[in-house]
Each structure stands twice: as structure tokens, then as C-alpha cells.
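Input: a single structure, listed below in C-alpha cells.
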Amino acid sequence: MKTRKGYKTYPLTVAQKFHNFYSQYCPGKEILTIGTSLTIEFELNIEELRKAVYKAYDRCESMRARMAYDKKEKEWYQYIVPKEERPIEYVDFSGQTMEEAEATMTKWTRVAFDKEDEPMNKVVIIKTPDGFQGLYVAGDHRFLDAQSLILFLKDIIELYCNANFEGVAYPAEMRSYIEQIEKDLAYEAGSKAQERDRAYFYKLIEESEPIYNGISGPKKLEEMRKATNNPNLRAASTGSDSMAAAIDIFHLEEEPTKRLMTFCEDNHVSLQCLLIMGIRTYLQKINNNDDVSLQVAYARRATLLEKKSGGTRIHCFPFRTVISEEKSFIEGIHEIRDRQNETFRYVNFNPAEYLGYRTKYYNTPAGLGYETISLTYQPATLKEKGLTDIGDIRYKTKRYCNGYYSDGLYLTVVHRPEDNGLDFSFEHQIKAYSREELEYFYYYICKIMFKGIERPTLKIGDIIKLV
């Protein structure tokens with residue numbers, strides 16, 4: 001398919017195809033829908049905000065994307081329309097409860113963007129029962145991730161502020177989504193960089209087989225070993241037989257969050273490394289195993305083009321560490337940091353190929369895996385120029401569940417707008433994990449991190465005993 005309705009078409013990238021891969025097993029295509037609201041404690045001019053939304057669409061190619069299916073090739077393609085002229089609705093939730101308003105936005109999030117030649121996102125201007133005003137944005141994950149969503153929302157705010165307040169600069173131009181996907185497609189077409197990345201990951205896989213570690217201990221692995229009559233089996237079920245999902249959120253206050261951030265700054269490590277250390281140490285404790293793997297999401301937004309072109313760029317890879325209990329907490333953190341820095345150089349590689357090769361190499365039984373949790377840390381917030389230029393206004397963000405998740409457990413850690421504390425957002429299959437299990441897991445992750453930052457030279461084994 002070279003053109004569609006007169007527009008040039010492009011194949012989907014690996015990051016986009018990955019979403020197609022897991023969605024085919026789900027009863028509802030709304031598994032690909034992301035829904036978020038951003039509201040501000042400020043009286044906004046609705047017409048001016050609507051103008052800012054249209055202008056933001058003009059500036060962001062990925063938000064004007066459409067999909068088309070080639071029946072002959074049995075492949076999906078994408079193309080960009082030059083203008084968005086569809087109506088932008090205004091919904092006033094005044095007079096309702098916050099729960100009723102959030103239920104409506106959850107309902108909006110449970111609608112799929114799966115029609116050919118139709119918009120892949122939706123914007124609604126909203127007023128919530130608490131008097132805050134702003135936007136609800138839903139989009140298809142094939143064209144939107146957390147970073148590009150923040151980018152789009154921030155652009156709308158800056159455009160609005162520039163048009164309505166003196167002294168607020170016009171925001172810098174966005175970058176071309178088409179230019180970026182052309183670069184991605186060139187990489188995927190057998191480039192030397194791809195060969196180098198493949199060699200790195202294949203070597204990593206071939207070193208040795210990882211092992212399953214459950215968030216409630218090794219019970220699932222032991223049961224699977226009995227069921228298969230294989231005492232050496234290292235994989236188990238990472239989810240359930242139902243993709244029905246919920247999101248449970250636990251809040252870490254501002255002061256303890258500051259302590260974590262200060263430790264990271266003083267020791268030149270990222271909060272992502274500290275989170276990985278907390279998670280893997282708990283799994284090490286509860287499974288009595290030094291060999292721990294989890295899935296880590298990599299945003300792949302290093303260059304200005306990658307940062308400002310929108311779209312979806314997340315690649316998830318297993319991140320495995322074998323750290324002895326005899327090592328100190330800080331030694332473990334440094335090992336994670338060094339491995340993360342190494343991994344970052346190769347993450348343009350196709351995660352589906354990685355997982356496919358690993359399954360084949362170790363003959364992993366169908367439906368079984370090694371990683372029980374996926375982690376995303378989102379350092380980006382909206383508390384930047386554009387909001388601060390009009391004073392210290394309060395704002396809120398809220399994520400809505402689409403009702404499905406393809407695997408057992410996904411932890412997203414984000415900074416809370418109200419006070420910059422941390423929200424630990426667990427998206428999980430309802431049949432796989434209960435809220436109580438996740439609260440216990442969250443409690444111990446935090447306990448380990450705080451014990452570790454208080455006494456970083458303490459041995460990991462001693463921290464495990466203390467918590």
C-alpha cells in the first residue's frame with residue numbers, strides 16, 4: 001500500500017506492531033486505549049482552549065494519524081492527514097460527584113480506536129465537580145505513549161498561555177513524526193545497528209536461562225514443576241486466564257519521596273535504578289533467590305527528534321540481575337545502574353524477536369514466562385514552563401483503566417502533580433492479583449528502599465532480615 005486517499009502510507013514500526021501482537025489475544029480492542037485527564041484550578045476560556053487544541057493538532061503529526069489495512073498483504077499501514085477539523089466537545093460535570101465524573105471518563109476509555117481512516121484519539125474539554133477545568137485525552141497506544149501524551153498536553157497549555165497571557169513565549173516547534181518513523185523503519189530494514197543490537201541480546205539470552213520469581217513467593221513455579229513433572233523447570237504462568245484488569249494506586253508522600261530523590265542525586269543514580277533495586281530485593285527475599293528478572297520499559301527518547309515527534313516509542317525488555325546477598329545495597333544499585341546504562345545502547349531492537357528467540361532457545365513451554373512484573377518510571381511532569389508562567393496554580397492528572405491488561409502486572413511510578421510525591425500505579429489482571437497482595441508488595445518495596453538509603457553500605461542479606 002503506497003497511498004491511501006491520496007496520502008503517502010508507511011508501515012507500522014516494531015513498537016507499534018508489538019501492541020497489535022498482544023491485542024489479538026484480547027476480547028476487546030480497547031486494550032489499546034489510553035485515557036488521561038488533566039485539570040487545572042483556573043477559570044479557562046473554553047473557546048480559546050479549543051483553539052489551542054486545534055493548533056496543537058496542527059503542530060503534531062502523530063496526533064493526526066490514521067490507519068488502513070491492506071487485505072492483500074494482510075498488513076496495517078499508517079498515514080497522516082493535514083488537518084483535524086472534527087468537533088471538540090465540552091462536558092461540564094458540575095452537579096455530579098467526582099466518582100460519577102470519573103466513571104464517565106472510564107467509560108470513554110473503554111472504547112477502541114479500531115476503525116480504518118478514523119482519528120486515533122479523542123479530546124474532550126471538561127469541567128470537573130471540584131471546579132477544576134481542563135482536558136480529557138484518549139488515544140490508541142500505537143500512536144501515543146506516556147511521554148507523547150505529556151508532550152501534547154503541555155503544548156496545548158503553552159499555546160493557550162501564549163494566546164491569553166502577556167509575556168508567555170510561543171512554544172518551540174514540534175518535530176516530525178514522519179521523519180522519526182522513517183529512521184525507525186531504516187533501522188529495522190537490516191541496518192548495521194540492528195545487527196549489533198541483535199548480537200548483544202542473543203549473547204545475553206544464550207548465557208543462561210532466567211528463573212521465575214513470584215511476588216508472593218515460588219508457589220506458582222513449584223506447582224508448575226509438579227504439573228509438568230519437571231523439577232528443573234524455570235518458567236511459570238505470569239498472568240491468569242482472563243485479561244479483565246483494574247488499576248490500584250498507592251501514594252508515597254512528598255517528604256519520603258524527597259528522601260529517595262536526594263539519595264539518587266547524591267549517589268548519581270536514577271530513581272528507576274532505585275525502584276529496580278527495591279523490587280528485585282523483595283523478590284530475592286520472598287523467593288530466596290539471588291537471580292531476579294523483571295520487565296523494564298524504555299522510552300527511547302534520547303534525541304530532540306525522538307523527544308518531540310510524538311507517537312509511541314516504548315520497548316520493553318527483561319532486565320536480569322544476579323546479585324549476592326553478601327553485596328551491599330549501594331553495590332547492588334551501582335550494578336543495576338551499570339547494566340541499565342549498557343542496555344540503553346541496544347533498546348532499539350525488536351522486543352518480540354528477543355522474546356521469541358529466548359522461548360525457542362530454552363524451549364519454554366507455551367504460556368509460561370520468567371518475569372512477573374513490568375516497570376515504567378515516568379520522570380517527566382507538566383510542572384515546567386507554561387504552567388509556572390501563570391503562577392503557582394494547582395493541577396491534577398488522572399489515569400483511567402481500559403478494562404484489560406495482557407499480562408499479570410504492570411507498575412507505573414509517576415510524580416504526583418499536587419505535591420510531587422510518588423504514585424505507584426499497579427495495573428493488573430483481576431484474577432492474577434488482589435489489591436491486598438499489591439499493597440503488601442508496595443509496602444515491602446518501600447521498606448527495602450528506605451532501609452537501603454538509610455544504610456547503603458549494609459549487606460543486602462542484612463536488609464532482607466531487617467525488613
| message | Determine whether Y400 and K398 satisfy the following criterion, side-chain contact (heavy atoms from CB on, under 4.5 Å), listing intermediate values before the conclusion. | response | CA-CA 7 Å; Y400 303 94; K398 172 82 178 175; 3.3 Å; yes
| request: Evaluate side-chain contact (heavy atoms from CB on, under 4.5 Å) for L438 paired with I215, printing each intermediate quantity in order. | output: CA-CA 9 Å; L438 298 175; I215 75 160; 4.1 Å; yes
| Intermediate values then yes/no, salt bridge (charged side-chain N to carboxylate O under 4.0 Å, His left out), K360 and E206 | CA-CA 11 Å; K360 187 178 174 186; E206 292 162 9; over 6 Å; no
| query | Passes salt bridge (charged side-chain N to carboxylate O under 4.0 Å, His left out), R175 versus E179? Steps please. | reply | CA-CA 8 Å; R175 295 302 181 98; E179 185 184 342; over 6 Å; no
| task | Go through the steps to decide whether K226 and E222 satisfy the test side-chain contact (heavy atoms from CB on, under 4.5 Å), and finish with yes or no. | result | CA-CA 6 Å; K226 281 180 189 172; E222 289 163 358; 5.6 Å; no
| said: Go through it in stages, so that I can follow the logic: the residues are K459 and E326, the test is salt bridge (charged side-chain N to carboxylate O under 4.0 Å, His left out), and I'd like the CA-CA distance, side-chain angles, deciding distance and then a yes or no. | reply: CA-CA 6 Å; K459 286 183 181 178; E326 289 302 306; 2.9 Å; yes
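A parallel orientation is assigned to the rings of F250 and Y442, their planes being inclined by less than 30° (bins at 30° and 60°). Between Y25 and F21, the ring planes are perpendicular. Angles over 60° get that label, and only those under 30° would be called parallel. Using the six-membered ring where Trp is involved, F349 and F317 have ring planes that are parallel, under 30° apart on the 30 and 60° scheme. In this pair, F426 and F424 present their aromatic rings parallel. The plane angle is below 30°, not in the 30 to 60° band.
Proximity of F329 to L458: side-chain heavy atoms (C-beta onward) are nowhere separated by under 4.5 Å. In this structure the side chain of N121 never reaches within 4.5 angstrom of the side chain of F152, judged on heavy atoms. Between T376 and L411, every side-chain heavy-atom pair lies at or beyond the 4.5 Å cut-off. M243 places none of its side-chain heavy atoms less than 4.5 Å from the side chain of Y405. Counting heavy atoms from C-beta on, the side chains of P351 and H315 come closer than 4.5 Å.
No donor-acceptor distance shorter than 3.5 angstrom exists from the side chain of Y357 to the backbone of F201, with no hydrogens or angles considered. The backbone N or O of N289 sits nowhere less than 3.5 Å from a side-chain atom of N287 that would complete a donor-acceptor pair. Proximity of a side-chain donor or acceptor of E188 to a complementary backbone N or O of V14 within less than 3.5 Å is detected. Under a 3.5 Å cut-off, the side chain of E331 and the backbone N or O of S328 do form a donor-acceptor pair. Listed for the D248 side chain is no donor-acceptor partner under 3.5 Å among the backbone atoms of A246. Not one N or O on the side chain of S309 forms a donor-acceptor pair closer than 3.5 Å with the backbone of S176. A distance-only check finds no donor-acceptor pair linking the side chain of Q429 to the backbone of G239 [under 3.5 Å]. When atom types are taken as modelled, the side chain of D419 and the backbone of G421 share a donor-acceptor pair closer than 3.5 angstrom.
Ion pairing between R399 and E427 holds under the 4.0 Å rule for side-chain N and carboxylate O. Taking a cutoff of 4.0 Å between a charged side-chain nitrogen and a carboxylate oxygen, E306 and K183 do not qualify as a salt bridge. Look at D184 and R313 and you find a salt bridge, because one of the NZ, NE, NH1 or NH2 atoms lies within 4.0 Å of a carboxylate O, short of that distance. The pair K327-E335 counts as a salt bridge, with a side-chain nitrogen and a carboxylate oxygen less than 4.0 angstrom apart. Contact check on D145 versus R301 returns a salt bridge, with a Lys/Arg side-chain nitrogen under 4.0 Å from an Asp/Glu carboxylate oxygen. With salt bridges taken as basic N to acidic carboxylate O contacts below 4.0 Å, none links R280 and E325.
When each of R59, R66, R64, K122 is paired with E84, the salt bridge (Lys or Arg N to Asp or Glu O under 4.0 Å) condition holds for R66 and for no other. Of the listed residues (L355, L409, T372, L375), just one forms a side-chain contact (heavy atoms from CB on, under 4.5 Å) with Q295, and that residue is L355. When each of I463, T281, L275, I279 is tested with M449 by the rule side-chain contact (heavy atoms from CB on, under 4.5 Å), just one qualifies, namely L275. Among Y200, Y202, Y354, the one residue that satisfies the ring-ring contact (aromatic ring centres under 6.0 Å, His included) test with Y346 is Y200.
Smallest separation of non-hydrogen atoms from S191 and A186: CB-O, 3.9 Å. Looking at every heavy atom in both residues, Q16 comes nearest to P11 through OE1-O, 4.4 Å. Minimum interatomic distance between N402 and I31 (heavy atoms only, all atoms of both residues): ND2-O, 3.0 Å. The heavy-atom pair separating Y212 from G217 by the smallest distance is CE2-O, 4.5 Å. Between P171 and E158 the shortest heavy-atom distance is CB-OE1, 3.2 Å.
Other residues, nucleotides and ligands contribute at most 12 non-hydrogen atoms within 6.0 Å of the CZ atom of R455. Heavy-atom contacts from other residues, nucleotides or ligands closer than 6.0 Å to CG of D266 number more than 12. Other residues, nucleotides and ligands contribute over 12 non-hydrogen atoms within 6.0 Å of the OH atom of Y69. With a 6.0 Å radius and a threshold of 12 heavy atoms from other residues, nucleotides or ligands, N288 has its CG atom at or below the threshold.
Checking Y136 against T36 by side-chain atom types alone, no donor-acceptor pair falls below 3.5 Å. Side-chain contact check for T343 and Y298: no donor-acceptor pair (N or O, by modelled atom type) lies under 3.5 Å. For the 3.5 Å distance criterion, the side chains of D407 and Y22 fail to qualify, holding no donor opposite an acceptor. Side-chain contact of E73 with Y77: a donor-acceptor pair under 3.5 Å is present, judged by distance alone. No hydrogens or angles considered: a donor-acceptor pair under 3.5 Å links the side chains of T364 and Y370.
The structure places CG of L38 at 6.5 Å from CG of L135, a figure rounded to the nearest 0.5 Å.
Among residues at least two apart or in separate chains, salt bridge (charged side-chain N to carboxylate O under 4.0 Å, His left out) pairs with a member in residues 286-299 are R234-D291, D291-R320.
Aromatic ring centres of F18 and H141: separated by at least 6.0 Å.
The ring pair (Phe, Tyr, Trp, His ring centres under 6.0 Å) search around F441 returns Y282, not counting sequence neighbours.
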